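Presented below is the structure to which this report refers.
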Amino acid sequence: MGDLTNISGNLLYVSFFTYLLATFFFGGTIRDKKKGKSKVAGNIGITITIVGFLTQLGYFFTRWVASGHAPVSNLFEYTTFFGMMLVFAFIILYFIYRVDLLGLFALPIALLLIAFASMFPTEISPLVPSLQSHWLYIHVTTASLGQGILSISFVAGLIFLIRQIDQTKRSKHTFWLEFVLYIIAVTIAFIVLSSVFSAMNYETVFEAPVEGQPAEITYEMPAIAGPSEGRVLTEGATGPLFEAPQWMRGEDAAKKLNTFLWAVLGGLVLYWSARLIFKKRIAAIIQPLLKKVNPELVDEVSYRAVAIGFPVFTLGALIFAMIWAQQAWDRFWGWDPKEVWALITFFFYAAYLHLRLSRGWQGMKSAWLAVGGFGIIMFNLIAVNLIISGLHSYA
Amino acid sequence: MNEITCECGHVNPEGTVLCESCGKPVEENQHIDGNDQKELLNMRYDGSARRSQTYNRTAVDKVWNFFSSVKVGVWLIFITLIASAIGTIFPQEVFIPGNVDPATHYRDQYGIPGQIYYQLGFHDLFSSWWYMLLIAMIGISIVIASIDRFFPLYKTLKKQKPKRHELFMKKQRIYGQTVAENIDADRFKENLKKRRFKVYEQDGHILAEKNRFARWGPYVNHIGLIIFLLGALLRFIPAFYVDEFIWVREGETALIAGTEGEFYIENKAFTLETYNMDDPEDAKFKEAIEKQGGPIPKTFRTDAVVYERTNSGVPGAEPELDVFKEGAATMNNPLKFDDYALYQASYQLNEFKEMTFKIHDKDDEDTNYGEFTVDLSNPQSTYELDGGYRVEVANYFPDYEMEDGQPVSVSKYPKNPAFVFNLYPPGENDPETSFLGIGANIDAGGDNQYKLGLAGFDVRDVTGLTVKKDHTLGIISLGGAIFMIGVIQGMYWNHRRIWLQPRKDGVWLAGHTNKNWYALRMDIEKAIADTNIEAPKDQYEMKS
């Protein structure tokens, strides 16, 4: 069994680098178009993407065999699967619209998701009784596919915004677009810092009261914010710059705050070094590369992704979820935070569709909504799991 | 009714924006859909006469117009969305521990923000009257907006004729003129039919249409939503919905609450299995189990027998029970019987069942003057022992704790039993009083000659089962299914129309779809192949 787990892990690595390679080919399409109608780079790009997708499917099924259950049962497994579904959704929309540059943005987002997932415990874990149901993979995979397709709407919306927003003057648009790009920088910073400190085997152990009982808390990153009333146990470790506020009571609350601070600061460093080197807004650096993109087509891709993804999401994240909840917890709806955020996602995209179809919100407004929708999806994935806990806290 | 007669001869109802038959803009009504001379026609509901856009005099009109507005609908959705998000900031009241007072819990756990949260009622947001009101308003909005639009749109699409007004053609997003003599209209029709268009013809004017049913998608999904909401509403009627909770001890037969005295359950055994990394089958989880630090549960199961009471008509009589069903409830697999289902919802391990005490000399534990066994769920008031000793249960605390130096029971379940015993040695009238609990054996008077000691005990597990009867599930599922059909119908198919109008020197071509213009252009491209018709232009200009 151990061998299969290793094979599975290696397949995931291979698919990661395959996606990375495909990204470069999609990058190559920027030049391609300038020369003429040649489609070579795009065709190679999509072929490699499909190879990567199949490899990741290989990871998925070998891990399924190794663990005996569908590998969508914790944050690592779910997020890698989400990345895979995003790639799958990209492949579908690529074959409908053939927009090469979609790959240049969709694949990096998928790469970030997979890398982000790997920062969490990756070992195969057993299923608690409530998860032992076929609905685990029916519900989770459909919900994730829906989210993947909806994410393509964000990718297309982002391309639209970078292409269309007037960079000659400061505006609310330029500010918020930079903010979105900064969030991406924060994600990169989190991945890089986590990997570096983990490679260094960095550890500081604190003793701090948790729920009134003294407990040992191990930091894997140098402490900026230490636990409230904590004492450093590790010899030679530098103490925290300050203590986390007292109301952060959970065992890992202060540790999460610390990681968050590192990511925010790392993101600032990344973002501002890029900005100072180029002496331009990040979006303004990218904008010239997108000149050949047809904004109306990208707007339609963004909308179409919602049109395709919304029913899939509703089916997976609400209807299948309700059927399962009825079986496992004797009620189909219980206002658990994850459920509520799935409902919020549903409401949001329902509003998107009404605004677009009945009130003519297209182009810029629509693109901003697509960005907001992705924000909600990511909030449900990350914040609801790590900050607001609930019945879904396993993942 | 001020009917509008169009120049094509068709009589339109009041409030029509585009003639139902030929599409000619009705001049005095163009403001309704915001059409002007320069821009393309607003084709949203095909310019049909909607009540909400036509009348605004009476109070009924005003209410109708409020709820039929999409703008209002989106605002309702948006407010509900924000409210729901606020509802997840802190745990809802149902998720906090049952034995704490919410009034202080939120303040203690989350400080001032927690107290504000509690005082504003966000701790019970999802059953608050105003949240219900929001959902109800969304429901009303769905009904009224759908009725307002569906019927006029249905009629208009039914009455449309291939012969279109010039202005209608020119003001379509997809529009093109071809000046040529040898236009192959038959080929055009053939091509369209190959693309699965229905082709209608009137004096050489052609209308090709496909997937009109996609236009009904929104109305179908709204019907589904309404059925869903009505199903949820039915839960307030007791005949449709039972939701009870029972604790059943191993070996015990208990009445199943919510079944009106009809059914009883015997808990044969409750089983809790955990993952064991020494078991070859679970060895793959070794790393995760070690990291967890504690046992990870694998199964919760209650093996049970359900009995039906056969003499339920006789009040006061001892129930006579017949086996109705034998089976097991595990998580994800409720035990179903009759209209009811039992869900494995909770458990309590090792609850005390019996305790056996022996009487011995205070200073010598090896002496034994007699033993007695107390059934903790039903203790006797006195126990007569063979040697003439008599023990009186002066006080019983099933789940004792010390509070201000006094023993109290915090629950009625024997989790931590304690007793005050009065021991009457043979022939004595003055008892020796002692207090006995787990880890406590107190001589109340201080001069006792005898002592009571715990000789043994017996434990058993308790299973917690939810009893459910839910006749609304069928309705709710039906609503969900209709919603999905409607959403798919509206999203995965698009209503497309192509018009061809013969002119003196050639043809005009126009096209419209409710979504997915890219695919419409592809359809047109295929349709005009080898017909000498020129590709039309997309007249749409993105504003930003």
Side-chain angles (χ1 to χ4, degrees), chain A residues 1-2 5 66-68 96-97 121 123-126 128-130 132-133 135 164 247 249 295-297 299-300 303-304 307-308 310-311 314-315 318-319 322 324 326-332 334-337 340-341 343-344 347-348 350-351 354-355 357-359 362-365 384 388 390, chain B residues 42 44 70-71 73-74 77-78 80-81 84-85 87-89 91-92 94-95 109-111 126 218 243 275 282-285 287-289 291 296-300 330-334 341 343-345 466 468 473 476-477 480 483-484 487-488 491-492 514-518 538 540 542-544:
Chain A
M1 279 301 178
T5 314
S67 68
I96 300 178
Y97 291 102
E123 71 268 0
I124 287 174
S125 47
V128 295
S130 61
Q132 293 165 11
S133 166
W135 289 103
Q164 291 297 90
W247 51 266
R249 288 157 189 270
E296 274 117 61
L297 188 59
D299 178 56
E300 183 158 325
Y303 164 58
R304 196 76 193 287
I308 299 173
F310 180 72
T314 310
L315 187 68
L318 293 173
I319 295 189
M322 286 191 218
W324 187 14
Q326 180 68 34
Q327 271 189 18
W329 294 313
D330 69 58
R331 82 288 181 293
F332 62 84
W335 299 109
D336 171 71
V340 176
W341 278 93
L343 182 69
I344 289 172
F347 276 147
F348 187 88
H354 283 93
L355 287 169
L357 296 173
S358 291
R359 301 206 59 83
Q362 301 202 351
M364 198 75 91
K365 283 175 174 172
V384 172
I388 309 170
Chain B
N42 180 345
R44 209 157 290 146
V70 172
K71 202 176 186 173
V74 170
I77 291 176
F78 187 68
T80 314
L81 184 158
S84 308
T88 63
I89 294 176
Q92 289 289 297
V94 290
F95 296 119
Q109 287 288 312
Y110 311 108
F126 299 110
D243 180 8
Y275 286 96
D282 297 345
K284 58 196 171 202
F285 303 130
E287 208 182 323
I289 295 170
K291 199 175 249 187
I296 301 176
K298 189 179 191 175
T299 318
F300 305 124
T330 60
M331 272 205 107
N332 281 307
N333 292 296
Y343 289 86
Q344 182 67 59
T466 312
K468 279 268 167 139
L473 285 183
I476 286 170
S477 313
F483 175 79
M484 274 319 296
V487 171
I488 288 171
M491 290 291 162
Y492 292 178
N514 61 336
K515 48 180 89 94
N516 196 356
W517 293 86
Y518 181 78
D538 190 342
Y540 172 69
M542 194 170 273
K543 287 203 188 82
S544 58

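In this text the structure is predicted, and so the values were computed from the model without any measurement.
- Both the backbone and the side chain of Lys71(B) come within contact range of chain A, judged by heavy atoms closer than 4.5 Å.
- Ile319(A) and Gly480(B) make their closest contact through CD1-O, 3.7 Å (heavy atoms, listed as atom of the first residue, atom of the second, distance).
- In this structure, CG in Asp538(B) is found 7.0 Å from CD in Glu296(A), a value given to the nearest 0.5 Å.
- Remark: Tyr275(B) pairs with Gln132(A) by the side chain to side chain donor-acceptor pair (under 3.5 Å) rule, at least two apart or across chains.
- The minimum heavy-atom distance between Pro311(A) and Val487(B), with the atom names listed, is CG-CG1, 3.3 Å.
- Note that the NZ atom of Lys468(B) and the CG atom of Asp330(A) stand 4.5 Å from one another [nearest 0.5 Å].
- With a 4.5 angstrom heavy-atom cutoff, Leu357(A) touches chain B via backbone and side-chain atoms both.
- Put simply, NE2 on His354(A) and CD1 on Ile77(B) are 5.5 Å apart, with the number rounded to the nearest 0.5 Å.
- Contact of Phe285(B) with chain A is made through backbone and side chain together, with heavy-atom distances under 4.5 Å.
- Of the two parts of Leu81(B), the backbone and the side chain both hold a non-hydrogen atom closer than 4.5 Å to a non-hydrogen atom of chain A.
- Classification of the Tyr518(B)-Tyr97(A) ring pair by plane angle, with boundaries at 30° and 60°, yields tilted.
- Residues Trp335(A) and Phe95(B) share a closest heavy-atom pair of O-CE1, 3.4 Å.
- Separation of atoms OG (Ser125(A)) and CD (Glu287(B)) is listed at 10.0 Å; rounding is to 0.5 Å.
- Of the two parts of Phe348(A), the backbone and the side chain both hold a non-hydrogen atom closer than 4.5 Å to a non-hydrogen atom of chain B.
- Residues that satisfy the side chain to side chain contact (heavy atoms under 4.5 Å, CB included) test with Phe78(B), not counting sequence neighbours, are Trp75(B), Ile82(B).
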(request) Test Asn516(B) against Glu300(A) for side-chain contact (heavy atoms from CB on, under 4.5 Å), laying out the working first. (result) CA-CA 7 Å; Asn516(B) 196 356; Glu300(A) 183 158 325; 3.1 Å; yes
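- The minimum heavy-atom distance linking Val340(A) with Phe126(B) is given by the pair CG2-CZ, 3.8 Å.
- Here Thr80(B) contributes atom OG1 and Phe347(A) contributes atom CZ; the two are 5.0 Å apart, rounded to the nearest 0.5 Å.
- With chain A as partner, the option from Ser477(B), Ala345(B), Ala85(B) having the largest number of non-hydrogen pairs under 4.5 angstrom is Ala85(B).
- Nearest heavy atom pair, residue Gln327(A) against residue Asn332(B), reads OE1-O, 3.5 Å.
- Taken from OG1 in Thr314(A) to CE in Met484(B), the straight-line distance is 6.0 Å, to the nearest 0.5 Å.
- Both the backbone and the side chain of Leu315(A) come within contact range of chain B, each with at least one heavy atom under 4.5 Å from a heavy atom of that chain.
- You'll find the side chain of Leu473(B) reaches within 4.5 Å of the side chain of Phe332(A), heavy atoms only.
- Residue with the most contacts toward chain B among Ala328(A), Gly334(A), Pro129(A): Pro129(A) (heavy-atom pairs, distance under 4.5 Å).
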